[in-house]
Protein chains: 2
Amino acid sequence: MDNTMKDGPDIARVANLVGDPARANMLTALMTGSALTASELAAEAGVSLPTASSHLAKLMDGGLLTVASEGRHRYYGLAGPQVAGMIEAIMGVAASLGPRRVRPGPHEKTMREARVCYDHLAGEHAVKMLDGFIAREFLVREGKELSLGKHGAAYFAAIGIDAHDTGKSRRPACRDCLDWSVRRSHLAGRLGAAILDKILAEKWARREKNSRVVTFSPKGKMEFEKTFLS
Amino acid sequence: MDNTMKDGPDIARVANLVGDPARANMLTALMTGSALTASELAAEAGVSLPTASSHLAKLMDGGLLTVASEGRHRYYGLAGPQVAGMIEAIMGVAASLGPRRVRPGPHEKTMREARVCYDHLAGEHAVKMLDGFIAREFLVREGKELSLGKHGAAYFAAIGIDAHDTGKSRRPACRDCLDWSVRRSHLAGRLGAAILDKILAEKWARREKNSRVVTFSPKGKMEFEKTFLS
DNA sequence: ACAATGCTTCGATGGAGATCGAATTATGGA
DNA sequence: TCCATAATTCGATCTCCATCGAAGCATTGT
């Protein structure tokens, strides 16, 4: 009755899962290796929570994701290295076909410099910032985790950020987040969010409407560098 | 205005191309490495010619295929090894998730034995047949091509198949076709088509309706073996 | 020149699924 | 116990696109 029977594994099924922009964004975000909650993935993908939940269910059903329930959070992660490898392969093809970007817009450049990644800052500025934090031992790497270094508490207190405000939440205080453009980590987690809050509150920069782009004012950029990079 | 901007290569675009069943079947068929015509791919995918043409245009536009116009045929092939690698990666994931087959139906087994591949026979029987032809020098391999061996003309004439009917057409007389299940070649091309015609005309086997499955009758199977394998 | 074959384009149709708001369930904290 | 937050389920809408028939173009062969 049903004609479309093919030999070979059901490649269309899995490719179709990756083929939706929202799901692709989620998977890309998970390529960092760390698991994310449904809310975070919804923000990453730029869709509402119900929509994200639906997509996550499909990805789970398709076997591309695993989930770990922890409290009232559900941490979704890639099902394994094989899945990650597949996504890298797809990325490779997409990149080599690459400059075929649909949006060659002005965003491309500005996004590289500074953009929002869920609730924290990403892009070149953010990468430099994290590098500086580690160089000055405000933060230290512990394997794939980040934690407060010996000079960290004093520093963050001095600039008005409570780095200890994090103990109760299950959300990690600091996470690193690898973005595709720079190939380097930047600071995520509660601390990263707090820093972005400060940047916006001080009006050193503003978010472009309906975009992830973060634009610094000339003066704001100086303040930012003085505060975080000097 | 448009919000869904993501960093990284446009993975969804290329995955979406592979995500359609018809296109996935085409790509799978092209994994043999040999280029196929639009008609052949339409048959492989189980769709009409216009539909196939539309898909091929999309795959071309997406950069996954190349095309070589040759006479009034257009031979479509994978754009390169990178694309093939990506498809293999997807196959790997799909297979490991594998026995999750949507159709666990009876087809699976019968398809392995004998099925139609465009216009010729595929499956275990077809593979054995080609093996026999080559062992008895009815056909010889020349690199990736097949051509008539020294005992071939007499043999095919004896069973009522004109193996020379092929000179004028540009379509290769014999091609080998690698199928996924058996991982071995079977006979395609004009000669392969003529043989399938004979099998059906003699009523040794019949095609299942709306399927690629070919079912041999008990007597027909004996005749088939006597004619082609003895 | 004319017919035949391979392929593409056009136009119309139908169905699948992505999306969101609202309601529901589950968990944690006061 | 009661509220707040995380996440899923439900229902409805709407857009996209796979599909095919018919017509159009291109190439080959007679």
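Since the structure is predicted, the reported quantities are computational estimates derived from the model, not experimental observations. Naming: A, B, ... by sequence-line order, numbering from 1 per chain.
- End-to-end axis angle for the helix from C:dA1-D:dT30 to C:dA30-D:dT1, using five pairs per end and rounding to 10°, comes out at 30°.
- Checking B:Thr51 against B:Ser48 by side-chain atom types alone, a donor-acceptor pair falls below 3.5 Å.
- The aromatic rings of B:Phe228 and B:Trp204 stand perpendicular to each other, their planes meeting at an angle above 60°, with 30° marking the opposite boundary.
- For B:Tyr75 and C:dC7, the OH to P distance is 8 Å, given to the nearest whole Å.
- With hydrogens and angles disregarded, a donor-acceptor distance shorter than 3.5 Å links the side chain of A:Arg23 to the backbone of A:Leu17.
- Checking side-chain atoms of A:Lys198 against main-chain N and O of A:Ile159 turns up a donor-acceptor pair under 3.5 Å.
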Item to complete: Quick one, give me the B/S/- string for nucleotides 13-20 of chain C, reading 5' to 3', where B means a protein heavy atom under 4.0 Å from the base and S means that only happens at the primed atoms, P, OP1 or OP2.
Response: -----SSB
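- Counting only N and O atoms by type, the side chains of B:Thr215 and B:Arg206 include no donor and acceptor under 3.5 Å apart.
- Per the geometry, CE belonging to A:Met60 stands 11 Å off P belonging to D:dT9, to the nearest Å.
- Dashed line: the shortest gap from a side-chain N or O of B:Tyr76 to OP1 or OP2 of C:dT8 is under 4.0 Å.
- Within the 3.5 Å criterion, the main-chain N or O of B:Ala24 finds a donor-acceptor partner in the side chain of B:Thr28.
- The shortest non-hydrogen separation linking B:Ala94 to A:Asp10 is CB-O, 3.7 Å.
- Side-chain N/O atoms of A:Arg74 include one lying less than 4.0 angstrom from OP1 or OP2 on D:dT8.
- Ring geometry for A:Phe133 against A:Phe156 counts as perpendicular: the plane angle is over 60°, on a 0 to 90° scale with 30° as the lower cut.
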